[in-house]
Amino acid sequence: MCTTQLRPGDILPGERALEEAYGVSRITVRRAIGDLVASNRLRRVRGRGTFVAPSPLVSRLHLASFSSEMKSQNVVASSKILMAGRACAPPDVASFFGVSPSLLHTHLRRLRLGDGEPYSIDDGWYNAAYVPNLLENDVYNSVYAIVERDYDLPITEADQIVTAIEADDHQAELLEVPPGTALLHIVRFSRSNSLPIEWCSSVYRTDRYRLNTRVVRAEGL
């Protein structure tokens with residue numbers, strides 16, 4: 001039922017309805033639901049019921065935007081703008097951009113959603129030398145698409161640093177997890193050919209985002 005009739009966010013029928021539909025005992029129904037909750041297929045919300053959990057987003061470490069990764073896995077992507085403006089970039093961002101820290105750049109922080117459920121928080125800086133007036137566009141959607149379409153600067157390569165952190169109170173509230181929950185932290189340095197375009201720090205719910213990669217043995221090792 002969870003994979004063929006219900007979509008992420010749909011509420012599960014009550015225990016009595018499941019008993020009658022499948023001809024099983026209340027104990028069997030509760031055990032099955034408990035197993036699905038433990039495997040992150042279902043989630044319980046106190047006072048509301050049991051819901052189909054969002055599908056985990058699987059990233060294979062290819063260069064793609066959050067929106068396009070979601071679309072490829074039949075998940076509807078959306079965003080909530082947490083902050084948007086122009087400001088002096090922090091030293092590590094200015095260093096990547098190769099500019100003086102006194103220059104103003106676009107700063108965009110978004111809560112990224114899949115099928116209406118929180119997946120990540122993106123805190124991005126965009127180089128005003130190459131993508132000026134970025135905020136005049138619809139940044140609720142893919143910034144990569146905007147940069148390619150309106151500025152003719154497709155993102156062609158990026159370096160990423162992946163670590164684990166614990167959710168602080170603010171992150172926990174936005175991502176709907178308890179404070180101290182382990183989050184995946186990815187810092188991305190994105191370029192269009194050799195031009196530094198984006199510096200972005202993202203934190204992801206680990207139950208909703210996975211990194212898949214294939215490694216091969218280097219010659220001579």
Side-chain angles (χ1 to χ4, degrees), residues 54-101 103-163 174-175 184-205 208-214:
S55 303
L57 177 63
V58 179
S59 174
R60 294 175 176 83
L61 289 181
H62 58 284
L63 189 55
S65 68
F66 178 87
S67 298
S68 61
E69 284 190 325
M70 284 289 194
K71 183 178 180 180
S72 70
Q73 296 175 56
N74 299 314
V75 179
V76 178
S78 59
S79 300
K80 178 180 179 181
I81 305 298
L82 303 175
M83 191 278 295
R86 287 171 58 84
C88 296
D92 50 347
V93 178
S95 176
F96 171 60
F97 288 167
V99 298
S100 167
L103 296 181
L104 300 179
H105 299 279
T106 298
H107 188 194
L108 178 63
R109 185 179 299 122
R110 296 175 291 175
L111 177 65
R112 311 308 301 273
L113 308 166
D115 288 335
E117 299 286 347
Y119 274 65
S120 70
I121 303 168
D122 288 355
D123 190 8
W125 289 86
Y126 299 89
N127 195 334
Y130 304 115
V131 288
N133 305 317
L134 178 64
L135 296 179
E136 295 180 5
N137 298 275
D138 182 11
V139 291
Y140 284 92
N141 296 304
S142 172
V143 170
Y144 282 12
I146 295 170
V147 169
E148 180 170 3
R149 181 187 68 240
D150 295 352
Y151 299 94
D152 195 25
L153 291 171
I155 301 299
T156 57
E157 62 184 66
D159 296 314
Q160 293 190 147
I161 300 173
V162 182
T163 56
L174 290 172
L175 295 175
L184 190 67
H185 181 212
I186 300 178
V187 179
R188 175 180 281 193
F189 306 80
S190 302
R191 302 176 181 83
S192 180
N193 296 312
S194 61
L195 303 179
I197 302 298
E198 174 202 51
W199 182 101
C200 188
S201 172
S202 302
V203 290
Y204 296 85
R205 284 185 54 150
R208 296 182 181 171
Y209 191 86
R210 302 174 184 169
L211 292 175
N212 282 11
T213 184
R214 174 179 296 178

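- Side-chain atoms of Arg188 do not come within 3.5 Å of backbone N or O of Ser202 as any donor-acceptor pair.
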| request: Dump the intermediate steps for side chain to side chain contact (heavy atoms under 4.5 Å, CB included) on Ile155 and Glu148, then the final yes or no. | output: CA-CA 7 Å; Ile155 301 299; Glu148 180 170 3; over 6 Å; no
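- In this structure, Ile146 CD1 and Asn141 CG are separated by 7.0 Å, a value rounded to the nearest 0.5 Å.
- The distance from the CD atom of Gln160 to the SG atom of Cys200 is 9.5 Å, given to the nearest 0.5 Å.
- Listed for the Thr156 side chain is a donor-acceptor partner under 3.5 Å among the backbone atoms of Asn193.
- Here the CG atom belonging to Leu174 is positioned 5.5 Å from the CG atom belonging to Leu111, to the nearest 0.5 angstrom.
- Partner of Asn137 under the side-chain contact (heavy atoms from CB on, under 4.5 Å) criterion, out of Val147, Asp150, Val131: Asp150 alone.
- In this structure, Trp199 and Phe189 have perpendicular ring planes: the angle between them is above 60°, well past the 30° mark.
- For the pair Ser201 (side chain) and Val187 (backbone), a donor-acceptor distance under 3.5 Å is absent.
- Closest approach of Ile186 to Tyr204, counting heavy atoms only: CD1-CE1, 3.8 Å.
- Closest non-hydrogen pair, Arg86 versus Ala128, comes out as NH1-CB, 3.8 Å.
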| request: Show the numbers, then the answer: is there a side chain to side chain contact (heavy atoms under 4.5 Å, CB included) between Val143 and Leu108? | output: CA-CA 10 Å; Val143 170; Leu108 178 63; 3.9 Å; yes
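- One finds the CD1 atom of Ile161 at 8.0 Å from the OG1 atom of Thr163 (value rounded to the nearest 0.5 Å).
- Separating the CG atom in Leu153 from the CG atom in Leu195 is a distance of 6.5 Å, to the nearest 0.5 Å.
- Judged by distance alone, the side chain of Asp138 and the main-chain N or O of Tyr140 form a donor-acceptor pair under 3.5 Å.
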| task | Check the pair Leu104 / Cys88 against side chain to side chain contact (heavy atoms under 4.5 Å, CB included), numbers first and verdict last. | result | CA-CA 5 Å; Leu104 300 179; Cys88 296; 3.8 Å; yes
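- A donor-acceptor contact shorter than 3.5 Å links the side chain of Arg208 to the backbone of Pro118.
- Checked by atom type and distance alone, the side chain of Asp122 never pairs as donor or acceptor with a backbone atom of Gly124 at under 3.5 Å.
- Here the shortest heavy-atom pairing between Pro196 and Arg191 reads CA-CG, 4.1 Å.
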| request: Test Asp123 against His107 for side chain to side chain contact (heavy atoms under 4.5 Å, CB included), laying out the working first. | output: CA-CA 8 Å; Asp123 190 8; His107 188 194; 2.6 Å; yes
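- Of all the heavy atoms in Ile197 and Phe96, the pair that sits closest is N-CE2, 4.5 Å.
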| task | Apply the test side-chain hydrogen bond (donor to acceptor under 3.5 Å, both in side chains) to residues Tyr151 and Ser192: give CA-CA distance (whole Å), side-chain angles for both, the deciding distance (0.1 Å), then the verdict. | result | CA-CA 11 Å; Tyr151 299 94; Ser192 180; over 6 Å; no
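- To the nearest 0.5 angstrom, Tyr119 atom OH is 12.0 Å from Leu175 atom CG.
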